[in-house]
Amino acid sequence: MIIANMSWTKESVRDFTLFYSLNKSKSQKVMLISYFICMAVLLIIGLVTFIITKVTYVLIVIFVALAIMLLYGVFLYMLMRSMAKKLLEANGENDGLELYIAEEGIMISKEAKPIGMIEWDKLEEGSLTPTATYITTKENSLLIVEDKDIKFGDKAGLIKLLKEKNVKLIGKEL
């Protein structure tokens, strides 16, 4: 059995949206890295062309490429911030909730009183990061278990239990 406080704070939700946005699939990561590589190559070609030809319109191309990279970065930041805000507005900060993760399922309690039970077949996936485990359900609920908030048991035991119950795991195991 694993006992943990549920970590549903502004910071933990922000960390989840960052992880989810950048690590959900390899194709997302490849597209993002490819985009920045292409923009960097464009900048290098522009700088080399300017150095060789001394044509000033190349500086405009370089400026436009930098502006596009900056705007894309700002767009990604705003998108992740918006996702985190929507999650918090929908659920609020759930301080005081405890998770009892056992063979039967995941029991959620508040002030030692059970308020809900999630059976193993209702879980969609578990996302592993170095500091937390994010468990999503098929009903689009999110359980955040930060390593520092595990009161009984450990992360290795949580991962083992998730594997035994055939929950799809994303991320690197520790």
Membership question, hydrophobic clusters at under 4.5 Å side-chain separation (ILVMFWY): are I115 and M6 in the same one? yes

Would a hydrophobic clustering, with Ile, Leu, Val, Met, Phe, Trp and Tyr connected at side-chain separations under 4.5 Å, put F36 with L47? yes

Just wondering, do E103 and L161 contact through their side chains at under 4.5 Å, heavy atoms? yes

Determine whether L123 and I106 make a side-chain contact, defined as any pair of heavy atoms from C-beta on separated by less than 4.5 Å. yes

Do I118 and I3 land in one hydrophobic cluster if side-chain heavy atoms of ILVMFWY residues count as linked below 4.5 Å? no

Could you measure the distance from the OG1 atom of T133 to the CD atom of E146? Nearest 0.5 Å is fine. 10.0 Å

Taking C-beta and beyond as the side chain, do D149 and I144 meet within less than 4.5 Å on heavy atoms? no

For F152, does the CZ atom have more than 12 heavy-atom neighbours from other residues, nucleotides or ligands under 6.0 Å away? no

Indicate the atoms forming the closest heavy-atom contact of K155 with A132, along with that distance. NZ-O, 3.3 Å

Output, in order, the C-alpha distance, side-chain angles, deciding distance and verdict of side chain to side chain contact (heavy atoms under 4.5 Å, CB included) for L99 and I135. CA-CA 12 Å; L99 301 175; I135 303 169; 6.0 Å; no

Can I2 be reached from M117 by stepping across I, L, V, M, F, W or Y side chains whose heavy atoms are under 4.5 Å apart? no

According to a 4.5 Å side-chain heavy-atom criterion applied to Ile, Leu, Val, Met, Phe, Trp and Tyr, with indirect links allowed, do Y100 and L158 form part of one hydrophobic cluster? no

With a 3.5 Å distance limit and no angle check, can you tell me whether T49 reaches the backbone of I45 through a side-chain donor-acceptor pair? yes

Are I101 and L143 close enough that some pair of their side-chain heavy atoms sits under 4.5 Å apart? no

Would you call L66 and F63 a side-chain contact if the rule is heavy atoms closer than 4.5 Å? no

